[in-house]
Asks: 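Sharing a structure below in structure tokens format, with a few things to ask.
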Amino acid sequence: MKRSSIKELLQSDKILQEVHVKGWVRTFRSNRFIALNDGSTINNIQCVVDFENADETLLKRINTGAAVSIHGTLTESQGKGQTVEIQVTNLEVLGDSNPDEYPIQPKKHSLEFLRENAHLRVRTNTFSAVMRLRSALSFAVHQYFQQNGFYYVNTPIITGSDAEGAGEMFKVTQFEANNAPVNEEGEIDYSKDFFGKETNLTVSGQLEGETYAMALGKIYTFGPTFRAENSNTTRHLAEFWMIEPEVAFNDLDANMDLSEDFIKYVLQYVLDNCQDDLAFLDSRLAQEEKKKPQAERSEMGLLEKLRFVVDNNFKRVSYTEAIEILRNSKPNKKKKFQFPVNEWGVDLQSEHERYLVEKHFKCPVILFDYPANIKAFYMRLNEDGKTVRAMDVLFPGIGEMVGGSQREERLDVLKEKMAELNIPEEELWWYLDTRKFGTAVHSGFGLGFERLVLFATGMSNIRDVIPFPRTPQNAEF
RNA sequence: UCCUCAAUAGCUCAGUUGGUUAGAGCAUCUGACUGUUAAUCAGAGGGUCCCUGGUUCGAGUCCAGGUUGAGGAGCCA
């Protein structure tokens, strides 16, 4: 007999028909009611066992976590918690689960404990909802770009350029740690290594992506990215997935339009397609919020927050305007900021970004036209000579969701900037070629996928929105 | 990397000014009950009090160093 998913059965009108399901036992109550989940939906289906006529040794094997195969009749439920249930005619335990050892109990676990059981945590409601949402978001990312004429480009994960300047890199080498060949100066001789040069895991596919945008027009990357920073925060991972669109002939305004349109599209997609999981996460967040003191509670629930972002325009503010707002803000005047805002040119601290997004504008904010000397070498210098066409999209509770810019398309200006920052031209000869041959205005941005998942699920720690998080001192699994 | 806090049963936690036999709820096991919804009731088992060293007649408790975790900062996406 054909097996149905629980998702299908809960929506079906197959009342009084024979059905077949397989899944894992969530709870077994009163020696009679199995709450069965197969991952197809957050909802369980209740399977009612005729315990009076059942083999007792079989009943003893129906434990939390066990895999079972069930044949039975779909009926309307006599109980209150569900509309339909399965009257079991045949039950087979496919895989036992020793209740003495199985770590996932039918009770609340701390997120810290579940992180230590990352291989099993997806069997909980919270993590299954998060991971289904992550999958849906990932699909929506591709759908958005594909529908809008973008080509998906796979930039290299092992990279030979270390001039991207996006952060500390993980080395890739075949050498033994204490037995690497050295040259006459006593330095490690990478010309003898696998690639014949020093190589690293990518921190960004942007530079390679730019070369493809200068031929395919509109491209995006969506792949793993690595940072060897010793970052211990709720927003950073050593291995994360980044989305990097790059568009030829787009200026910064078009770039801001793209980022806003893109974010709204993928959030609308999950609002339309992940209602059960979002409803669960919405109530989960509401319960979490209740534990906080009144002052720290967020004004909006998860669903409310998502709809708000989709329905309202992001506020676009230049760095210079932002500095003015901050300088005249109450916390600055009352010296509540740890880093007071006095002069133009300083980098904004988290507390300043949070003030702008959460207190002043109360909506996502796009900051643009930053001082040149706090931004990367490839960003387009403005006519004022002191700011660059950079932009950051800031989100409440998350901070920087997107970082992007219009790229410097003028070869001479780019070379000058690289010289200033001691970036050797030989390293990036291929990148400079895009400016030598048919250069054009172009723009792009990077969006940390996990930060998007963080926002869409209402989770608060980035380690809880990726299956197996990689962070300093932790590469278990 | 810096600052703050934490680590006690499988999980979540309590443990008084240092004091003799370290507790609770949940989970597990045994039994009762059976249309339950985190079922209920009765009973039982379960401890390297993170590690190393120190102070003390005596350390879960105090001190030092370390490990791991959490929150915040920096770096950023």
Side-chain angles (χ1 to χ4, degrees), chain A residues 26-35 43-52 59-60 63-65 75 77-82 85 87 97-117 124-125 164-168 202-206 221-244 259 296 337-339 347-354 374-376 392-395 398-404 445-455 460-464 466 471-474 476:
Chain A
R26 281 292 174 81
T27 60
F28 184 37
R29 283 186 294 272
S30 303
N31 221 17
R32 183 169 195 177
F33 303 102
I34 301 170
N43 300 305
N44 303 325
I45 196 159
Q46 175 156 285
C47 303
V48 187
V49 180
D50 179 10
F51 69 98
E52 280 157 329
L59 291 180
K60 287 238 185 299
N63 294 310
T64 301
T75 60
S77 178
Q78 297 167 35
K80 282 188 184 136
Q82 56 284 315
E85 64 193 17
Q87 298 292 334
S97 175
N98 184 346
D100 226 14
E101 294 175 31
Y102 187 56
I104 310 297
Q105 302 163 3
K107 62 167 273 188
K108 274 238 186 299
H109 289 289
S110 66
L111 294 172
E112 289 86 351
F113 172 73
L114 290 169
R115 257 168 239 154
E116 290 168 11
N117 292 279
T124 63
N125 285 334
E164 284 152 358
E168 282 296 308
T202 183
V203 291
S204 163
Q206 181 201 316
T221 73
F222 184 7
T225 311
F226 308 86
R227 302 276 164 91
E229 303 285 351
N230 192 6
S231 293
N232 294 286
T233 79
T234 53
R235 316 179 291 287
H236 292 86
L237 291 164
E239 176 182 294
F240 64 102
W241 287 65
M242 188 150 67
I243 297 153
E244 293 181 288
S259 67
E296 289 170 31
F337 282 142
Q338 200 187 335
F339 300 92
D347 209 351
L348 297 181
Q349 307 290 317
S350 288
E351 57 178 349
H352 306 139
E353 296 182 348
R354 270 210 314 276
I374 59 173
K375 288 291 181 181
D392 281 358
V393 181
L394 307 177
F395 259 61
I398 291 178
E400 192 176 338
M401 176 81 83
V402 164
F445 61 82
L447 184 148
F449 183 55
E450 282 73 21
R451 291 190 181 170
L452 186 65
V453 184
L454 206 51
F455 184 76
S460 48
N461 192 317
I462 203 161
R463 295 161 195 144
D464 297 330
I466 187 168
T471 52
Q473 298 304 316
N474 185 7
E476 191 68 53

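Quick note on labels: first sequence line is chain A, next is B, and so on, each numbered from 1.
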Asks: Applying salt bridge (Lys or Arg N to Asp or Glu O under 4.0 Å) to A/D392 and A/K375, what does each step give before you reach the verdict?
Replies: CA-CA 11 Å; A/D392 281 358; A/K375 288 291 181 181; 3.5 Å; yes
Asks: So does A/H236 reach the base of B/C76 with its side chain, donor to acceptor, closer than 3.5 Å?
Replies: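 Donor-acceptor pair under 3.5 Å: yes.
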Asks: With heavy atoms under 4.0 Å as the rule, sort A/P103 into base, sugar-phosphate or nothing.
Replies: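 No contact at all - A/P103 keeps every heavy atom at 4.0 Å or more from the nucleic acid.
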Asks: List for me each residue that meets side-chain hydrogen bond (donor to acceptor under 3.5 Å, both in side chains) alongside A/N125, sequence neighbours excluded, and say none if there are none.
Replies: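 Expected list: A/R26.
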Asks: If the P atom of B/U20 is compared with that of B/G60, how far apart are they to the nearest Å?
Replies: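 After rounding to an integer number of Å, I get 10 Å for this pair.
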Asks: According to side-chain hydrogen bond (donor to acceptor under 3.5 Å, both in side chains), who are the partners of A/D464, at least two apart in sequence or on a separate chain?
Replies: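 Once residues adjacent in sequence are excluded, the partners of A/D464 under the side-chain hydrogen bond (donor to acceptor under 3.5 Å, both in side chains) criterion are A/R115, A/R121.
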Asks: By the 4.0 Å heavy-atom rule, please label A/E239 as base, sugar-phosphate, or nothing.
Replies: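 Counting heavy atoms under 4.0 Å across all strands, no contact is made by A/E239.
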Asks: In Watson-Crick or G-U wobble terms, both distances under 3.5 Å, what is the partner of B/U68?
Replies: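 Matched B/U68 with B/A6 under the 3.5 Å cut-off.
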Asks: Which residues pass the side-chain hydrogen bond (donor to acceptor under 3.5 Å, both in side chains) test with A/E244, sequence neighbours left out?
Replies: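 A/E244 satisfies side-chain hydrogen bond (donor to acceptor under 3.5 Å, both in side chains) with A/S204 only.
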Asks: Take atom C1' in B/G19 and the same atom in B/U12, then report the distance between them in whole Å.
Replies: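 After rounding to an integer number of Å, I get 29 Å for this pair.
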Asks: Checking only heavy atoms, does the side chain of A/Q349 share a donor-acceptor pair with the base of B/G74 at less than 3.5 Å?
Replies: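 A donor-acceptor contact between them is absent.
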Asks: Are there any protein N/O atoms within less than 3.5 Å of an N/O atom in nucleotides 23-25 of chain B, and if so, which ones and at what distance?
Replies:
{"unit_1": "B/G25", "atom_1": "N2", "unit_2": "A/K107", "atom_2": "NZ", "d": "3.4"}

Asks: Heavy atoms under 4.0 Å, any strand shown: does A/I243 hit a base, just sugar-phosphate, or nothing?
Replies: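 Contact class for A/I243: none.
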Asks: If I pick the C1' atom on B/A38 and the same atom on B/C50, what distance separates them, to the nearest angstrom?
Replies: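 Each nucleotide's C1' atom is 31 Å from the other's.
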Asks: For nucleotides B/A22 and B/U28, find the distance between their P atoms and express it as a whole number of Å.
Replies: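 Taking atom P in both B/A22 and B/U28, they lie 26 Å apart.
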Asks: Nearest-Å distance, CD (A/E101) to C1' (B/C11)?
Replies: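 Distance, rounded to whole Å: 16 Å.
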Asks: Could you pull out the protein-nucleic contacts involving nucleotides 39-48 of chain B (nitrogen or oxygen on both sides, under 3.5 Å)?
Replies:
{"unit_1": "B/A39", "atom_1": "OP2", "unit_2": "A/R29", "atom_2": "NH1", "d": "3.0"}

Asks: Is A/G446 touching bases, backbone alone, or none of the nucleic acid, heavy atoms closer than 4.0 Å?
Replies: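 Sugar-phosphate, backbone atoms only, no base.
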Asks: What does A/E85 touch in the nucleic acid at a heavy-atom separation under 4.0 angstrom: a base, only the sugar-phosphate, or nothing?
Replies: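 Here A/E85 touches the bases of the nucleic acid.
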Asks: For the side chain of A/Q105, counting heavy atoms from C-beta on, which of B/G35, B/A27, B/A73 is nearest?
Replies: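 Selected nucleotide: B/A27.
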Asks: Would you mind reading off the distance between A/D392 atom CG and B/C75 atom P, rounded to a whole angstrom?
Replies: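 Taking CG of A/D392 and P of B/C75, I get 12 Å after rounding.
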Asks: Between the base of B/U36 and the side chain of A/Q82, is there any donor-acceptor pair under 3.5 Å?
Replies: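 Checked by distance alone, the answer is yes.
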Asks: Would you mind classifying the nucleic acid contact of A/S231 as base, sugar-phosphate or nothing, using non-hydrogen atoms under 4.0 angstrom?
Replies: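 It contacts base atoms.
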Asks: Do any N or O atoms of the protein come closer than 3.5 Å to N or O atoms of nucleotides 67-71 of chain B, and which pairs are they?
Replies:
{"unit_1": "B/U68", "atom_1": "OP1", "unit_2": "A/Q473", "atom_2": "OE1", "d": "2.8"}
{"unit_1": "B/A70", "atom_1": "OP1", "unit_2": "A/R115", "atom_2": "NH1", "d": "2.8"}
{"unit_1": "B/A70", "atom_1": "OP1", "unit_2": "A/R463", "atom_2": "NH1", "d": "3.1"}
{"unit_1": "B/A70", "atom_1": "OP2", "unit_2": "A/R463", "atom_2": "NH1", "d": "3.3"}
{"unit_1": "B/G71", "atom_1": "OP1", "unit_2": "A/N461", "atom_2": "ND2", "d": "3.1"}
{"unit_1": "B/G71", "atom_1": "OP2", "unit_2": "A/N461", "atom_2": "ND2", "d": "3.3"}

